Amino acid sequence: MEKPRNIQLRLLSYGVIAYMMLAFAWWSVLLFTKNRDAYQAKRDHMRIVMIAREEIPPTDEAFYNTTAFRQLKHQYEKQEYMILGEASVFVLSLAIGVWLINRGYHKEMMAAQQRRNFLLSITHELKSPIASIRLVLETFQRRELPKDKAEQLTRNALLETERLNKLVNDLLLSAKLESAYQLHPEAVNLAQLMEDIFEQMEAKYPAASFTFNKQTAVEDTMGDVAGLTSVIINLLENAVKYSGDDPDIEARISQHGSTIRMEIADQGIGINEDEKGKIFEKFYRIGNEDTRKTKGTGLGLYIVNEIVRAHKGKIAVLDNEPRGTVFQIDIPVVKARNGT
Ligand code: ADP
């Protein structure tokens with residue numbers, strides 16, 4: 001949300017710009033008419049002098065044919081074009097300046113909003129698993145628990161540590177991606193990798209329906225296994241997270257020529273057209289942190305996009321039918337140099 005003081009400043013600057021435009025238009029019109037008046041006065045004076053000196057007969061035609069008149073007219077027309085040209089350059093520069101300032105301002109506002117969102121979400125994301133783990137440990141300390149209850153609490157605590165671990169890894173990875181990320185390529189079969197991750201996901205989210213669809217044979221390619229694993233996990237976790245109570249997720253993989261295409265499709269809440277370009281920005285989350293229900297940091301898709309780009313691949317966000325989202329990744333096949 002924009003602060004009232006910022007809105008006031010914005011209105012003030014729009015007012016000043018509008019005033020400048022109007023003033024400039026007024027000065028241009030004035031200059032135009034003054035120039036015309038000066039020309040007409042000079043023309044009439046010149047004509048009277050010529051007739052008085054008997055250089056020409058007193059007819060319009062004779063005067064309009066003189067070189068002196070033609071030169072005067074030419075000069076007048078040149079000045080008119082100059083005024084027009086200068087006015088256009090000025091208005092254009094002002095318009096470009098206003099547009100640039102506005103764009104910078106919007107970017108700054110977005111960045112500030114994202115930083116605020118990030119701080120709010122990271123505080124929540126760090127605090128809530130720590131609080132849960134602490135509660136479990138305190139329960140163990142205070143009383144003896146039946147075996148099944150103890151097991152359930154331990155499972156919960158482990159899930160929370162896994163969440164913390166993912167968060168810290170995402171933070172470290174995104175910091176690395178900004179500065180010193182290096183791929184460690186090795187031969188990997190993406191279809192196999194996807195299938196393995198799918199099995200883990202099925203175990204982790206028993207209520208979700210997962211369908212894995214290998215549409216063609218897929219060659220091995222040189223890729224960073226840790227990075228690509230993170231890409232697939234992030235997309236699948238998002239598909240679950242943004243699908244409500246009964247996630248229905250389909251992953252497809254195929255190879256066309258020297259490109260491997262991976263698609264992860266959900267039947268979830270979908271993504272608006274105007275948000276599709278923004279979700280890959282660091283810390284960007286749709287909506288506002290104060291009202292949001294889902295957990296997250298806005299780092300996942302940033303990491304996904306950077307890793308896909310590091311593999312010279314492309315990622316696209318499409319609408320799924322009848323609803324939901326499809327994340328489509330195209331990765332070029334890179335053959336191992338020694339033929340392995
Ligand atoms: P996070 O999930 O931590 O918020 P991401 O970078 O993974 O961050 O995603 C950015 C935003 O994109 C999310 O906040 C969410 O609003 C939107 N999003 C991502 N994946 C999906 C999806 N499969 N369906 C709907 N919205 C999604």
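Quantities reported herein were computed from a predicted structural model and do not represent experimental measurements. Whatever order the structure lists ligands and atoms in, that order sets their numbers, starting from 1.
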- prompt: Which one holds for Leu235 and ligand 1: side chain close, backbone close, both close, or neither close, with close meaning a heavy atom under 4.0 Å?
  reply: neither

query: Any N or O on Ile269 sitting closer than 3.5 Å to an N or O of ligand 1?
result: no

Within the 6.0 Å centroid threshold, strictly below: Phe280 and Tyr302: no

task: Give the single entry among Tyr242, Tyr302, Phe327, Tyr284 that approaches atom 10 (C) of ligand 1 most closely by any heavy atom.
output: Tyr284

- prompt: Of the choices Ile271, Asn272, Leu301, which has the non-hydrogen atom that lies closest to atom 27 (C) of ligand 1?
  reply: Ile271

Could you tell me which atoms of ligand 1, counted from 1 in the order shown, lie closer than 4.0 angstrom to a heavy atom of [X]?
| X | answer |
| --- | --- |
| Thr325 | 24 (N) |
| Lys241 | 1 (P), 2 (O), 3 (O) |
| Gly270 | 25 (C) |

- prompt: Same cluster or not: are Val49 and Leu72 linked, directly or through other Ile, Leu, Val, Met, Phe, Trp or Tyr residues, by side-chain heavy atoms under 4.5 angstrom apart?
  reply: no

message: According to a hydrophobic-cluster definition based on side-chain heavy atoms being under 4.5 Å apart (Ile, Leu, Val, Met, Phe, Trp, Tyr only), do Met20 and Leu9 belong together?
response: no

field: Parallel, tilted or perpendicular, as decided by the 30° and 60° cut-offs, for the rings of Tyr64 and Phe69
entry: tilted

- prompt: Can you find a non-hydrogen atom of Gly298 under 4.0 Å from ligand 1?
  reply: yes

- request: Given side-chain contact (heavy atoms from CB on, under 4.5 Å), test Val240 with Glu237 step by step and report yes or no.
  value: CA-CA 5 Å; Val240 173; Glu237 293 268 1; 5.7 Å; no

field: Criterion side chain to side chain donor-acceptor pair (under 3.5 Å) against Tyr76, the qualifying member of Gln79, Glu80, Lys73
entry: Glu80

